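Here is the structure we will look at.
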2 protein chains.
Amino acid sequence: MKIDSIDKQILTILQQDAQITNVELSRKIGISPPAMLERVKRLEKNGIIKRYVAIIDPSKVSKGIFALVSVSLSAHQLASIDQFTKQINKLDEVLECYHVAGEEDFILKIAVSSIEEYENFILNKLIKLNGVSKVNTKFVLSTVKYNTKIKIE
Amino acid sequence: MKIDSIDKQILTILQQDAQITNVELSRKIGISPPAMLERVKRLEKNGIIKRYVAIIDPSKVSKGIFALVSVSLSAHQLASIDQFTKQINKLDEVLECYHVAGEEDFILKIAVSSIEEYENFILNKLIKLNGVSKVNTKFVLSTVKYNTKIKIE
DNA sequence: ATTAATACCGAATATAATTTGATATATTTT
DNA sequence: AAAATATATCAAATTATATTCGGTATTAAT
């Protein structure tokens with residue numbers, strides 16, 4: 001699907017405020033509400049817009065402790081990464097997980113409510129996954145920036 | 001502000017689907033639409049819900065290259081971290097930035113459209129920030145999990 | 001126990017989303 | 001280049017939803 005300049009404007013706005021009304025959005029960009037509606041639906045149907053979410057303040061729901069964790073898999077396990085992938089996707093504490101090039105294999109972002117909960121996560125969940133051979137934790141002191149918006153250009 | 005069991009259900013649902021209508025949400029949870037509306041507004045006003053956003057597929061808007069970058073500041077610069085913080089917040093390529101405990105000072109998540117753009121970001125933007133003394137890049141091979149939802153319990 | 005505050009509901013109203021049918025604008029085909 | 005097709009657009013009408021309102025129940029405080 002090809003994305004034109006109007007689509008880009010739509011995506012830029014919706015990434016910052018998904019609650020904007022269709023009427024207001026169409027007014028801002030300068031096309032009619034029905035035309036806008038069709039464009040947004042098309043962006044959704046084609047998977048450009050994946051979903052709409054509410055962003056919660058973690059500290060206000062007692063999930064204020066974050067950690068960035070690197071994980072290495074044993075060589076033979078690396079052959080079947082999708083098993084690891086599936087397991088990671090089931091763990092609620094894992095917000096993000098990236099397969100990376102370099103020393104370690106994966107970098108995970110973890111959110112928990114306490115150090116005890118973190119310890120429990122590492123000892124009873126993460127290192128019990130098949131093939132996990134090395135784990136290294138960096139605790140987050142503060143979140144400097146958290147942005148779900150990617151620049152559209 | 002105190003959050004009860006109904007609020008938790010609301011937050012859990014809105015974190016997955018912020019487009020749900022107030023009518024549908026109230027039906028799911030079992031209170032009337034006006035009561036639901038008041039609760040959601042309260043969660044917004046108290047900053048529990050920070051904002052609503054559309055999540056875009058980066059690969060479909062040619063921002064398919066991600067990197068995780070560690071940054072160390074020189075000792076004297078660490079004294080005024082908020083300067084670094086402000087600068088980081090202005091850079092569109094930086095989606096997330098965490099101040100971490102350990103070897104390095106910050107971990108950044110970067111999104112760009114090409115390796116050339118990445119090189120330009122590092123050479124002309126990141127290392128030109130005051131006090132940046134060490135930079136180390138890990139390129140993301142694949143995103144295993146990307147979740148903005150934190151478990152409410 | 002009494003008062004005050006809070007949360008709730010059903011009904012009415014205001015606002016917005018969505019559908020419709022017609023028209024214009026590109027795009028492709030001949 | 002002209003005709004045909006597909007696509008995008010609009011204004012108006014309809015449908016659905018958000019929001020307001022007045023009153024009632026429930027909870028918390030005095």
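Atom set for the values below is all heavy atoms of this structure, side chains included, hydrogens, waters and symmetry mates excluded. Letters A, B, ... are given to chains in the order of the sequence lines, protein chains preceding strands, and every chain is numbered from 1. Only a predicted model underlies this, so the values are computations on that prediction, with no experimental measurement involved.
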Charged N to carboxylate O under 4.0 angstrom, B/Arg42 versus B/Asp7?
yes

State the CD1-OG1 distance between A/Ile152 and A/Thr12, to the nearest 0.5 angstrom.
5.5 Å

Salt bridge (Lys or Arg N to Asp or Glu O under 4.0 Å), paired with B/Lys125, selected from B/Glu93, B/Glu119, B/Glu117
B/Glu93

When rounded to the nearest 0.5 angstrom, what is the spacing between CG in A/Leu25 and CD1 in A/Ile20?
4.5 Å

Is the gap between the ring centers of B/Tyr146 and A/Tyr98 under 6.0 Å?
no

When the axes are fitted on five pairs at both termini, how much does the helix from C/dA1-D/dT30 to C/dT30-D/dA1 curve, in 10° steps?
50°

Within the side chain of A/Asp82, is there an N or O that forms a donor-acceptor pair under 3.5 Å with the backbone of A/Thr85?
no

Rounded to the nearest Å, what distance is computed from the CG atom of residue B/Leu37 to the C1' atom of nucleotide C/dT13?
14 Å

ILVMFWY cluster, A/Val132 and A/Val69 together (side-chain gap under 4.5 Å)
yes

Which nucleotide of DNA chain D is the first, and which the last, in the 5' to 3' direction, to come under 4.0 Å of a heavy atom belonging to chain A?
D/dT9 to D/dA12

What is the separation between atom CZ on A/Arg39 and atom P on C/dT18, rounded to the nearest whole Å?
17 Å

Checking the side chain of A/Gln15 only, and the main-chain atoms of B/Ile55 only, is there a donor and an acceptor separated by less than 3.5 Å?
no

Centre-to-centre under 6.0 Å for A/Tyr118 and A/Phe139, is that the case here?
yes

Using a heavy-atom distance cut-off of less than 4.0 Å, which residues of residues 20-32 of chain A contact DNA chain D?
A/Ile31, A/Ser32

Take A/Lys109 and B/Glu96, measure what salt bridge (Lys or Arg N to Asp or Glu O under 4.0 Å) needs, and give me the verdict at the end.
CA-CA 11 Å; A/Lys109 185 175 111 184; B/Glu96 302 176 35; 3.3 Å; yes

From CD of A/Glu38 across to P of C/dA17 the rounded distance in Å is 15 Å

Salt-bridge contact A/Glu44-A/Lys50 (side-chain N to carboxylate O under 4.0 Å):
no

Between A/Lys41 (NZ) and C/dT18 (C1'), how many Å, whole number?
8 Å

Without decimals, in angstroms, what is the distance between B/Asp7 CG and C/dT6 C1'?
13 Å

